[in-house]
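In what follows, a single structure is set out as structure tokens and then discussed.
The sequence lines fix the lettering, A, B, ..., with proteins before strands; numbering per chain opens at 1.
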Amino acid sequence: MTWIPWNTQLRELAKQCQYLEALTLYRQMLRCGSYPNAFSFPFALKSSASLPLPFSGQQLHCQVIKSGCSQEPFVLTSLISMYCKFSSLGNARKVFDENPISNQLTVCYNALISGYALNSRVFDVIALFCRMREMGVSVNSVTMLGLVPVFSGPGYISVGMCFHCCCVKLGLNLDFSVANCLVTMYVKCAAIEFGRNLFDEMPKKGLITWNAMISGYAQNGLAADVLELYRKMETAGVCPDAVTFVGVLSSCANLGAVSVGHEVEQRIESSRLGLNPFLNNALINMYARCGNLVKARAIFDGMPVKSVVSWTAIIGGYGMHGYGEIAVELFDEMIKSGIQPDGAAFVSVLCACSHAGLTEKGLEYFSEMKMKHRLQPGPEHYSCVVDLLGRAGRLNEALELIKSMQVKPDGAVWGALLGACKIHRNVEMAELAFERVIEFEPTNIGYYVLLSNIYSEAENLEGVLKVRVMMRERKLKKDPGFSYVEYKGKVHLFLAGDRSHPQKKEIYRMVDELEALVKKLAGCKDNEERRNKEALLGMGVHSEKLAIVFGLLNSEPGTEIVVIKNLRMCEDCHLFFKGVSKIVTRQLVVRDATRFHHFRDGHCSCKDYW
DNA sequence: CTAGGGTTAG
């Protein structure tokens, strides 16, 4: 029997990713007495590399040597690639060096460069690329595809740009796949603008192109841009896939755009992608963050295999909405089911504890994290624990904790302490925390406002003035925070004092009515109650107020509208929240991380979760 | 009988 039918079949199987079948066929071929040749080995090697079978890969290497075709370019490249897939870079390099012909073959360089890149060996990648150029070996787009992704990190932007220039010189910059890689590289370096420019330049955009840009926006927190691009993608007639949806859903979670999220979910269901764990995690996250815990839980419960990410999303959801006990129960259940928690899982459970006032439980987790799970707490964990202690009034312990930190504290850690000082009216420690926090975030206006409020509560007029002067000296303008309200699938965005909305006339008339109402209520005795009202309906035309009024004007009786106030400070509750306000017509329920505020028929009540 | 490559969640 000749080798042609064997090789043809082998190639077909490898092409269809039926690697196990391909290897079986290869063995059968040997048993039948047919000798493999330079057109058999590549497919056998590829199959072995695609299965976790390094041993069979090495066996194949021996057979290659015996058969005397190790100088065949096709075989050499496959050998290098096989070793790279098993991360045996030493062996890959040996194959490259021991066969001098590799030095002149673009494909061999390509295989080895991508191997180094996959193992993050940045310097080896660059060194080999330079050698390639010195040897006069031509660089093609596959070289760039293997090479560019290694610079996808915040520190590599400049060297990444050098390679972009190199691509331009070689005329590869607009090569479809290379451009995809470059866009991805830029967005992962947080150089979104560069990525977008290249994206816009690309004459042809494919699914991967759109996904790269959408995921890039999503990872850099530019949720509004994600939704915009998603719409453009639909207009362009490109059919989204699971990767697209993951990016879009995470942005829905950030924006609170439930109805877009819902629409995406329906599209997922109709495209039968529902079994993808990535998508399920993104859906849980979206529903949990948007306040629909029932739905989030249903998806979570329906997942056959739950990863630590799934658990973290649902635990964070319960914690965020004040159900600390459930969050804690779930966390324990997760451990019992044998899932190892990671740093992010601890952030979610620690946050849940601090929001629910489960101080002791939270401290217990924090110590378990270090002792039992051998995880080094980062600043994000410390800020949770400082918040935990701070809310419980244990300010000195919180301060001691910060002082004892192994890692360098960041702004959030001191900010948590400052927030705690606001609740417990500790002016002295607030001054200390403020001094530290503005070292990290000197332009974060919120902290100045917080300190000013602490002074004003303590009736320290001098302090209030001091903060004002400081703000003026540093040319800090009032936070141009904006709020969103999602209505009939569209996100309406408002800036403070915004007059650009088509319904501005009606909105401002109602604002006036509400302000008149507040003035009438200003005489009421309960200080806290008045503060609450003033916080939301008080003086000035806050973005949030415009969004709320828009919601009140447009909602049908009994429907709910969700207002997202973006990083606004709740005057009553001391900290900055990306809060969610729910409006039921003529009744306003504002919820932040710790409390519900009800406004009804001119009355207000403020109720803690716990 | 034509190798080498890219996008994915908290």
[X] side chain, from C-beta outward: closest of [options]:
{"X": "A:Asp342", "options": "B:dT7, B:dG10, B:dG5", "result": "B:dG10"}
{"X": "A:Pro149", "options": "B:dG6, B:dG10, B:dG5", "result": "B:dG6"}
{"X": "A:Val107", "options": "B:dG6, B:dG4, B:dG10", "result": "B:dG4"}
{"X": "A:Asn180", "options": "B:dG4, B:dT8, B:dG6", "result": "B:dG6"}
{"X": "A:Arg11", "options": "B:dG4, B:dA9, B:dT2", "result": "B:dT2"}
{"X": "A:Val243", "options": "B:dA9, B:dT7, B:dG6", "result": "B:dT7"}
{"X": "A:Val309", "options": "B:dG10, B:dA3, B:dG6", "result": "B:dG10"}
{"X": "A:Arg289", "options": "B:dA3, B:dG10, B:dT8", "result": "B:dG10"}
{"X": "A:Phe74", "options": "B:dA9, B:dG4, B:dT2", "result": "B:dT2"}
{"X": "A:Phe39", "options": "B:dG5, B:dC1, B:dT2", "result": "B:dC1"}

Answer with base, sugar-phosphate or nothing: what part of the nucleic acid does [X] contact at a heavy-atom distance below 4.0 Å?
{"X": "A:Thr312", "result": "base"}
{"X": "A:Gln219", "result": "sugar-phosphate"}
{"X": "A:Asp241", "result": "nothing"}
{"X": "A:Leu283", "result": "nothing"}
{"X": "A:Asn285", "result": "sugar-phosphate"}

Between B:dA3 atom C1' and A:Gln71 atom CD, what is the distance in whole Å?
->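 About 16 Å, once rounded to whole Å.
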Could you tell me the separation between the CZ atom of A:Phe151 and the C1' atom of B:dT7, rounded to a whole number of Å?
-> 18 Å
Is [X] close enough to [N] that one of its side-chain N or O atoms is under 4.0 Å from OP1 or OP2 there?
{"X": "A:Ser114", "N": "B:dG4", "value": "no"}
{"X": "A:Lys188", "N": "B:dT8", "value": "yes"}
{"X": "A:Thr244", "N": "B:dT7", "value": "no"}

Given the rule in the ring-ring contact (aromatic ring centres under 6.0 Å, His included) test, do A:Tyr186 and A:Phe199 qualify, once you have shown the distances and angles that lead to the verdict?
-> CA-CA 10 Å; A:Tyr186 279 127; A:Phe199 176 87; over 10 Å; no
Charged N-O contact under 4.0 Å between A:Glu234 and A:Arg267 = yes
Only distances under 3.5 Å count here; give the side-chain donor-acceptor pairs of residues 60-75 of chain A to other protein atoms, sequence neighbours excluded, each with its distance to 0.1 Å.
{"unit_1": "A:His61", "atom_1": "ND1", "unit_2": "A:Tyr83", "atom_2": "OH", "d": "2.7"}
{"unit_1": "A:Gln63", "atom_1": "OE1", "unit_2": "A:Tyr26", "atom_2": "OH", "d": "2.4"}
{"unit_1": "A:Ser67", "atom_1": "OG", "unit_2": "A:Gln63", "atom_2": "O", "d": "3.3"}
{"unit_1": "A:Ser67", "atom_1": "OG", "unit_2": "A:Val64", "atom_2": "O", "d": "2.9"}
{"unit_1": "A:Gln71", "atom_1": "NE2", "unit_2": "A:Asn99", "atom_2": "OD1", "d": "2.5"}

Expected list for residues 210-220 of chain A: side-chain donor-acceptor pairs under 3.5 angstrom, two or more places apart:
{"unit_1": "A:Asn211", "atom_1": "OD1", "unit_2": "A:Thr244", "atom_2": "OG1", "d": "2.5"}
{"unit_1": "A:Asn211", "atom_1": "ND2", "unit_2": "A:Asp241", "atom_2": "OD1", "d": "3.0"}
{"unit_1": "A:Ser215", "atom_1": "OG", "unit_2": "A:Asn211", "atom_2": "O", "d": "2.8"}
{"unit_1": "A:Tyr217", "atom_1": "OH", "unit_2": "A:Arg196", "atom_2": "NH1", "d": "3.0"}
{"unit_1": "A:Asn220", "atom_1": "ND2", "unit_2": "A:Val187", "atom_2": "O", "d": "3.2"}
{"unit_1": "A:Asn220", "atom_1": "ND2", "unit_2": "A:Gly216", "atom_2": "O", "d": "2.8"}

Between A:Phe331 and A:Phe346, is the ring centre distance below 6.0 Å?
->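 Judged by ring-centre distance (under 6.0 Å), A:Phe331 and A:Phe346 do meet the cut-off.
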Can you check whether any acceptor in the base of B:dG10 is under 3.5 Å from a donor in the side chain of A:Ser348, or vice versa?
->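 Per atom types, no contact qualifies.
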